[in-house]
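Inspection log for the structure reproduced underneath, given as structure tokens.
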Amino acid sequence: MINDVIQLLATRSDFFAGLLVEHLQISFAAIAIAIVIGGIAGILISEFTRAAKPTLAVVNLLYTIPSISMLGFLIPFTGVGDATAIIALTVYALLPMVRNTHTGLTTIDPAILEAARGMGSTRWQILVKVKLPLARPVIMNGIRSMVTMTIALAGIASFIGAGGLGVAIYRGITTNNAAMTIAGSLIIAVLALVVDLVLGVVEKRMQLRSAQARRHNRIAAMVAVAACVVAAVVSLMPAPVSAVIHVATKPMTEQYIMGEALKLLIEQDTDLDVELTEGVGGGTSNIQPAMESGEFDLYPEYTGTAWNEVLGESGVYSEDQFGTLEQRYADDYDMSWVGMYGFNNTYGLVVRREVAEQYGIETYSDLAAVASQLTFGAEYDFFEREDGYDALCATYGLSFGNTMDLDIGLKYQALAQGQIDVMVIFTTDGQLSAADAVVLEDDKGFFPSYLCGNVVRNEVLEEHPELRAVLEKLDGTITDADMAQMNYEVETEGAEPADVARDYLERAGLLDN
């Protein structure tokens, strides 16, 4: 595994370097904002003591909110991307900054402050000339803790399409690529340790008393602050207006492949550039609002998902309703479906082979008789979908003994380890062919159709009419077996999604050699 990680870092150095830059930009932007806001808040509550308890209580409360919940709360207001990630990271960085600033300023020996007042110093002079210099070691310790924590926590940015090294971690989990997950985690850990070491050196130098050392310290502090401010400005400033198509994908192997294919084909056949945001956490629930706000222009979607999750229909979708689906998208969202790939990635159920053989389970109805003795596992959104867990159980009279929420990239591992007995799969899953599991028959036809196609904002199609012709080339180019094979190449054989996408386009005669 170590050799695999080293080889991956060597061969994909550009990929990881780009993620590292994004990670630093997001982290330093949050750090700069937290130092300013947290420092000012800490100073104010140390000067106006009545505000200390409620302020610290609020900051403590915010700190206890899980990071995923914080992102989910912010997305409706600030959308997906860098801004939301920076706000969330800033919130978590405030606690150590505010608390240490307050602690450092309020634990100074009162006799020193009384002597300063006795010498005629004003309140401002006491703060700047006495309190802050004496509190500096405690404040600096808070900054060190805050910076290390922020760099480590910035991995969550990838969940909402903001980039950073979390992309490597999340993609590795999703595509069953342990080397990529380890590489992303390792770089974050090393980065946090290096920054902490640098800050430790700066902290020691700040304790030196010579005039020359103080000058060097001031210069170093100014450089550090300037770097954080520049990172904040770069991360928050709007992107330059240019002919760029913003493509998003869900956190699924086949979506990574299709995203890369879209980028290759669009950039080959048009003068447009493609900015690809891969593996947006939450899938449709986060991508669709971003499409509506114009943050994304195009993404691969599934008809059944669109029918139930986007349009809010409760009935089971079938492809004879596609005309209605298209019209609703045009009327309600000013979007079109262009480029229907051809494969149907619907849901299915599998049971561990030994369990299926023990109880003679072949169909979903057979499963009902023994479900109370089994553990059911699925990705998070399946338990909340209109056509998900509750509807499945109601249709077949299922009542499982236990359920387990799992990331989509960990389901097969959990099944192989016996942590779950039954799980939801996609019919194009690459790992399905290698799993020691039995695919059950959906004898009541519960799961709807999930044909895959591209959803595009009509405004983009009007501005760039050449895009429609490019996407229509993808009609009917992928069968279920084709998609399963491509997923297998990524998830089991370790191929890169971009390479698999290129091979697919070349086989289809769509990409120049």
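Please read these numbers as outputs of a predicted model, since none were measured by experiment. Side chains included, hydrogens not; waters and symmetry mates left out as well; all remaining heavy atoms used.
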**Study point:** Nearest-0.5 Å distance that lies between atom CG in Asp512 and atom CG in Leu264
**Key:** 11.5 Å
Practice item. Using only heavy-atom distances, determine whether the side chains of Glu319 and Ser449 contain a donor-acceptor pair under 3.5 Å. Key: yes
Exercise for review: State, yes or no, whether a side-chain contact exists between Leu325 and Leu311 at a heavy-atom distance under 4.5 Å.
Suggested key: yes
Review point. Will you find, in the side chains of Asn345 and Thr428, an N or O donor that is under 3.5 Å from an N or O acceptor?
Key: yes
Point to revise | Asp332: partners by salt bridge (charged side-chain N to carboxylate O under 4.0 Å, His left out), with sequence neighbours left out | key: Arg328
Using atom types as modelled, flag every donor-acceptor pair under 3.5 Å from a side chain in residues 149-162 to any protein atom, sequence neighbours excluded.
from	atom 1	to	atom 2	distance (Å)
Thr150	OG1	Met146	O	2.7
Ser158	OG	Gly155	O	3.2
Ser158	OG	Gly166	O	3.2

**Study point:** Student check: side-chain heavy atoms of Tyr504 and Gln485 closer than 4.5 Å
**Key:** no
Practice item. Validate the cation-pi geometry between Lys444 and Tyr364: distance from NZ or CZ to the six-membered ring centre under 6.0 Å, angle to the ring axis within 45°. Key: no
**Study point:** Ile257 side chain near Thr249 side chain, heavy-atom distance below 4.5 Å
**Key:** no
Review point. Tell me, do Leu20 and Leu165 make a side-chain contact under 4.5 Å, heavy atoms counted?
Key: yes
**Study point:** Other residues, nucleotides, ligands: >12 heavy atoms within 6.0 Å of Glu362 CD
**Key:** no
**Study point:** Nearest-0.5 Å distance that lies between atom CG in Leu74 and atom OG1 in Thr84
**Key:** 6.0 Å
Practice item. Report the distance from atom NZ of Lys250 to atom CE of Met252, rounding to the nearest 0.5 Å. Key: 7.0 Å
Exercise for review: Taking the side chain as every heavy atom from C-beta outward, state whether Trp307 and Pro448 have any atom pair closer than 4.5 Å.
Suggested key: no
**Study point:** Heavy-atom side-chain contact between Phe382 and Leu392 under 4.5 Å
**Key:** yes
Review point. Excluding sequence neighbours, so at least two apart, what forms salt bridge (charged side-chain N to carboxylate O under 4.0 Å, His left out) with Glu459?
Key: Arg457
Point to revise | Pairwise side-chain contact, Thr277 with His246, heavy-atom cut-off 4.5 Å (strictly under) | key: no
Review point. When rounded to the nearest 0.5 angstrom, what is the spacing between NZ in Lys473 and CG in Leu511?
Key: 10.0 Å
Review point. Gly430 and Tyr488: which non-hydrogen atoms are nearest, and at how many Å?
Key: O-CD1, 3.2 Å
Check your understanding: Take atom CD in Glu384; do more than 12 heavy atoms of anything else shown fall under 6.0 Å from it?
Key -> no
Review point. Would Leu272 and Val244 satisfy side-chain contact (heavy atoms from CB on, under 4.5 Å), going step by step from the backbone distance to the final call?
Key: CA-CA 6 Å; Leu272 301 169; Val244 176; over 6 Å; no
Check your understanding: Can Glu491 and Thr253 be said to form a side chain to side chain donor-acceptor pair (under 3.5 Å), step by step?
Key -> CA-CA 8 Å; Glu491 296 173 358; Thr253 301; 2.7 Å; yes
Review point. For Phe446, which residues count as a ring-ring contact (aromatic ring centres under 6.0 Å, His included) partner, sequence neighbours excluded?
Key: none
Point to revise | Worked check of side-chain contact (heavy atoms from CB on, under 4.5 Å) between Asn344 and Thr427 | key: CA-CA 8 Å; Asn344 184 9; Thr427 52; 5.7 Å; no
Point to revise | For Tyr341, the option from Thr477, Asn454, Asp475 that meets side chain to side chain donor-acceptor pair (under 3.5 Å) | key: Asn454
Exercise for review: Could you check whether the rings of Phe322 and Trp337 sit parallel, tilted or perpendicular, using 30° and 60° as the cut-offs?
Suggested key: perpendicular
Exercise for review: Name all residues meeting the salt bridge (charged side-chain N to carboxylate O under 4.0 Å, His left out) criterion together with Glu354; count only those two or more places apart in sequence or in a different chain, and write none if there are none.
Suggested key: Arg352
Check your understanding: Name the one of Tyr412, Tyr347, Phe343 that satisfies ring-ring contact (aromatic ring centres under 6.0 Å, His included) with Phe426?
Key -> Tyr347
Review point. Could you walk me through whether Asp429 and Asn487 pass the side-chain contact (heavy atoms from CB on, under 4.5 Å) check?
Key: CA-CA 6 Å; Asp429 277 353; Asn487 287 336; 5.6 Å; no
N/O donor-acceptor pairs under 3.5 Å from side chains in residues 367-376, not counting sequence neighbours:
from	atom 1	to	atom 2	distance (Å)
Gln373	OE1	Tyr359	OH	3.0

Review point. Taking the six-membered ring for Trp, are the ring centroids of Tyr302 and Tyr450 within less than 6.0 Å of each other?
Key: no
**Study point:** pair Ile182-Leu8: side-chain heavy atoms closer than 4.5 Å
**Key:** no
Check your understanding: Crowded around Arg12 CZ? As in, over 12 foreign heavy atoms under 6.0 Å?
Key -> yes
Check your understanding: Quick one: CD on Glu466 to OG1 on Thr270, what's the gap to the nearest 0.5 Å?
Key -> 5.5 Å
Check your understanding: Without hydrogens or angle criteria, can the side chains of Tyr329 and Asn458 be said to hold a donor-acceptor pair below 3.5 Å?
Key -> no
Exercise for review: Please check if any side-chain donor atom of Ser318 sits under 3.5 Å from a side-chain acceptor atom of Asp320, or the reverse.
Suggested key: yes
Check your understanding: Do we see a donor-acceptor contact under 3.5 Å between the side chains of Gln327 and Asp331?
Key -> yes
Practice item. Kindly compute the distance separating CG (Asp82) from CD (Glu22), expressed to the nearest 0.5 Å. Key: 7.5 Å
Exercise for review: Assess whether side-chain contact (heavy atoms from CB on, under 4.5 Å) is satisfied between Ile86 and Ile26, documenting all intermediate values.
Suggested key: CA-CA 6 Å; Ile86 291 170; Ile26 295 167; 4.1 Å; yes
